[in-house]
Amino acid sequence: MDKIIIKGGRRLEGRIQISGAKNAALTLLPCALLTDEPLTLRNLPRLADVDGFGHLMNQLGASTMIEGSKRDEFGRVMTLRASNIASTVAPYDIVRKMRASILVLGPLMARAGEATVSLPGGCAIGNRPIDLHLKALEALGAEIELAAGYVKAKVPSGGLRGGHVRFPVVSVGATENALMAAVLAKGTTVIENAAREPEITDLAMCLIAMGAKISGLRTDTLTVEGVDRLHGATYAVMPDRIEAGSYACAAAITGGSIELVGARKETMTAILDALIEAGVTVEDVKGGIRVTAGADIKPLTLSTAPFPAFPTDMQAQFMSMLALANGTSLLTETIFENRYMHVPELSRMGADIDVRGRAAVVRGVPKLHGAEVMATDLRASMSLILAGLAAEGETIVSRIYHLDRGYERLEEKLQAVGADIERVSAG
Ligand SMILES: CC(=O)N[C@H]1[C@@H](OP(=O)(O)OP(=O)(O)OC[C@H]2O[C@@H](n3ccc(=O)[nH]c3=O)[C@H](O)[C@@H]2O)O[C@H](CO)[C@@H](O)[C@@H]1O
Ligand SMILES: C=C(OP(=O)(O)O)C(=O)O
């Protein structure tokens, strides 16, 4: 298994191109199931999850064609075409590796009238149930049963019909499934307490480009007028706000200055506000944002919550940065019950962190030191990379397949701004 070796202590300076957003790509890909015409997605990141989703789309009968982009170019172009739906089954083997596979449920039901999708189960960060996805689809008329670890969903003759969905808890995935199902339902659907993450807006804009009628974008109430059919479209995936935020932390933690090329400020307000409060300078530059570390890192009190608040997907990276702050920070994780798996690993590098339930007290230390550490999930892995970049000596991060799910060409991007980082094959 591959490992990443970092020799820490270098100040990072330069430009990093921000890739297309993983979490937008994973909800835009299944949109291709909603039409028999081609859907072309531009700016798709080269990630294991995107490849995995493409494979799932192939199993369901969609063709996927990647335009001949050069290895050194960012942003692949993929044209997907589901002329027919060959299968309505998303098997355990695929869903288990990539939870976002659950996002084929809504589109399959809308287009094919049925779907059998493996229950994703929990993962390292928490239980991650899908009850809200199922309730939303039931509100549109779906009949759902759970059997042998699978969701078996059927649409009554006459198809899905518009309905009223009110989520008791904000869920990104359930909002996405509800939206993708509602666009082809008969009549009007109102989705209340919808997630407002920028990736939801990206999904809605792609569906609109395909002929869907959706209003209320960027608000917590989405109204969908069902249409009889959708058509093909070309759509560019939004830049990855979590990747951009992660590299902003890399600048802050190494005392450096990085231009995040292509980053969209309006999708990252809470992240940038927190960085500014920590003493980082954030400037608008043409086509992106420049972040420059302050003289020291100031401690923060931060709580994760749905957009527009501070994202859970940035909690681990901020924790590494705050481990070196000039004082004590308090982080509260309100979204996932088990998202502190990086804490014992950071502690092995000299961080002083106490977890009490959903809260973590991070007492800043003057230095971290290199160690052998193990990645446990995607953002936890990035927090270890960040700690390694700042630490004295050598850090070896193993189980880095998690990183390949969400960070395109991580070593290359960090090397370009002066990091001493390499991937080694451990046989
Ligand atoms: C591929 C993708 O876009 N993943 C993102 C998505 O995950 P995902 O869509 O899985 O996360 P959700 O927004 O659904 O989860 C939010 C909360 O709702 C709960 N919940 C969710 C669904 C459900 O049916 N029942 C239920 O109780 C979850 O356990 C969690 O506590 O949003 C998360 C929250 O911003 C991010 O961390 C993930 O990176
Ligand atoms: C938790 C994440 O992703 P996923 O929902 O795909 O597991 C993430 O992107 O941090």
Side-chain angles (χ1 to χ4, degrees), residues 19-30 45 47-50 52-53 56 94-106 117 119-139 144 146 151 165 167-180 193-203 220 237-238 240-246 267 270-271 303-318 333-339 341-342 358 375-383 401-408:
S19 294
K22 168 186 85 91
N23 288 350
L26 295 179
T27 189
L28 295 172
L29 289 161
L47 296 172
D49 270 14
V50 170
F53 214 109
L56 172 59
I94 296 184
V95 181
R96 150 182 93 80
K97 287 193 212 121
M98 190 181 44
R99 300 192 83 271
S101 313
I102 192 70
L103 296 175
V104 300
L105 186 59
V117 178
L119 284 164
C123 72
I125 64 176
N127 280 331
R128 306 189 75 177
I130 57 156
D131 56 312
L132 302 176
H133 300 235
L134 305 185
K135 287 211 176 80
L137 295 169
E138 279 171 346
I144 294 177
L146 301 181
V151 177
V165 178
F167 289 118
V169 172
V170 177
S171 162
V172 172
T175 303
E176 291 167 345
N177 251 329
L179 200 51
M180 288 188 281
N193 203 24
R196 285 180 283 166
E197 268 64 7
E199 293 76 14
I200 302 276
T201 309
D202 223 33
L203 167 63
D220 65 359
V237 181
M238 65 175 278
D240 197 317
R241 64 195 170 104
I242 305 301
E243 188 200 26
S246 303
T267 65
I271 300 170
S303 190
T304 65
F307 191 86
F310 187 81
T312 172
D313 290 351
M314 283 303 303
Q315 177 259 111
Q317 301 89 313
F318 264 68
E333 173 58 60
T334 73
I335 308 289
F336 294 111
E337 67 275 16
N338 192 28
R339 215 172 189 182
M341 302 279 283
H342 41 288
R358 288 185 172 245
T376 49
D377 67 75
L378 172 56
R379 308 303 168 187
S381 311
M382 191 60 184
S383 78
Y401 50 84
H402 292 292
L403 282 167
D404 296 332
R405 286 186 50 219
Y407 290 93
E408 181 176 13

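Each ligand, and each atom within it, is numbered from 1 in the order the structure gives.
If you check each of Arg379, Arg128, Met314, Arg99 against atom 7 (O) of ligand 1, the one with the closest non-hydrogen atom is Arg128. Considering each of Ser171, Ala195, Pro168, Ala24, the one bringing a non-hydrogen atom nearest atom 21 (C) of ligand 1 is Ser171. For atom 4 (P) of ligand 2, the nearest non-hydrogen atom from the set Met382, Arg405, Met314 belongs to Arg405.
Counting heavy atoms under 4.0 Å from ligand 2, residue His402 does not touch it at all. Neither the backbone nor the side chain of Leu26 has any atom closer than 4.0 Å to an atom of ligand 2 (non-hydrogen atoms only). At a heavy-atom distance under 4.0 Å, no atom of Met98 approaches ligand 2. The parts of His133 lying near ligand 1 are both backbone and side chain, judged by heavy-atom distances below 4.0 Å. At a 4.0 Å heavy-atom cut-off, ligand 1 touches Val170 through the backbone alone.
Near Arg339, meaning under 4.0 Å from one of its heavy atoms, ligand 1 places the atoms 37 (O). Listed by number with element, the atoms of ligand 2 under 4.0 angstrom from any heavy atom of Asn23 are 9 (O). Using a 4.0 Å cut-off to heavy atoms of Ile125, the atoms of ligand 2 that qualify are 1 (C). Interface atoms of ligand 2 facing Leu378, defined by a heavy-atom separation under 4.0 Å, are 8 (C), 9 (O). The Ile130 neighbourhood of ligand 1 comprises atoms 23 (C), 24 (O), with distances under 4.0 Å to a heavy atom of that residue. Annotation for ligand 2: atoms under 4.0 Å from non-hydrogen atoms of Arg128 are 1 (C), 4 (P), 5 (O), 7 (O).
Protein heavy atom at the shortest distance from atom 3 (O) of ligand 1 is Asn23 CG, 3.2 Å. At the shortest separation from atom 3 (O) of ligand 2 among protein heavy atoms lies Lys22 NZ, 2.8 Å. For atom 15 (O) of ligand 1, the closest non-hydrogen atom on the protein side is Phe336 CZ, 4.0 Å. Protein heavy atom closest to atom 25 (N) of ligand 1, with residue, atom name and distance, is Asp131 OD1, 2.7 Å. Atom 34 (C) of ligand 1 has Thr312 CG2, 3.9 Å as its closest protein atom, hydrogens excluded (heavy atom only). In this structure, atom 23 (C) of ligand 1 lies nearest to the protein heavy atom Pro129 O, 3.0 Å. From the protein, the heavy atom lying nearest to atom 6 (C) of ligand 1 is Val172 CB, 3.9 Å. Looking only at protein heavy atoms, the nearest one to atom 30 (C) of ligand 1 is Ile335 O, 3.4 Å. Looking from atom 10 (O) of ligand 2 to the surrounding protein, the closest heavy atom is Arg379 NE, 2.8 Å. Of the protein's non-hydrogen atoms, Asp313 OD1, 2.5 Å is the one closest to atom 37 (O) of ligand 1.
Contact annotation for atom 19 (C) of ligand 1: protein absent (non-hydrogen atoms, distance under 4.0 Å).
Checking Met238, Glu199, Arg241 one by one against Asn23, the side chain to side chain contact (heavy atoms under 4.5 Å, CB included) holds for a single residue, Glu199. Arg339 pairs in a side chain to side chain donor-acceptor pair (under 3.5 Å) with only one of the listed residues (Asp313, Thr304, Asp377, Thr376), which is Asp313.
A heavy-atom distance below 4.5 Å is found between the side chains of Leu146 and Leu134. Residues Glu197 and Pro311 form no side-chain contact, since every pair of their non-hydrogen atoms from C-beta on lies 4.5 Å or further apart. With contacts defined as side-chain heavy-atom distances shorter than 4.5 Å, the pair Ile242/Tyr407 qualifies. Between Lys22 and Arg405, some side-chain heavy-atom pair lies under the 4.5 Å cut-off. Looking at heavy atoms from C-beta onward, Leu132 lies in side-chain contact with Pro168 at the 4.5 angstrom threshold. Within the 4.5 Å cutoff, no side-chain heavy atoms of Leu26 are placed close to those of Glu176.
Within the structure, ligand 2 has Arg339 among the residues with a heavy atom less than 4.0 angstrom away.
The nearest pair of heavy atoms linking Leu103 to Gly173 is CD2-O, 3.6 Å. The minimum heavy-atom distance linking Ala178 with Phe167 is given by the pair CB-CZ, 4.3 Å.
Distances between N or O atoms of Arg99 and those of ligand 2 include no value under 3.5 Å. At a 3.5 angstrom cut-off on N or O pairs, Gly173 counts as close to ligand 1. Checked against a 3.5 angstrom limit, the closest N/O atoms of Leu26 and ligand 1 fall outside it. Looking at ligand 2, you won't find any N or O of Asp49 less than 3.5 Å from one of its N or O atoms. Any N or O atom pair closer than 3.5 Å counts here, and Ala100 shares no such pair with ligand 1. Considering backbone and side-chain N/O atoms, Leu132 comes within less than 3.5 Å of an N/O atom of ligand 1.
Here the straight-line distance linking atom CG of Asp404 with atom OH of Tyr401 works out to 11.0 Å at 0.5 Å rounding.
Looking only at distances, a side-chain donor or acceptor of Arg99 sits under 3.5 Å from a matching main-chain atom of Arg128. Remark: side-chain polar atoms of Asp240 are not paired, donor with acceptor, to backbone N or O of Ser19 under 3.5 angstrom.
No salt bridge links Asp220 with Arg196; every basic N to acidic carboxylate O contact stays at or beyond 4.0 Å.
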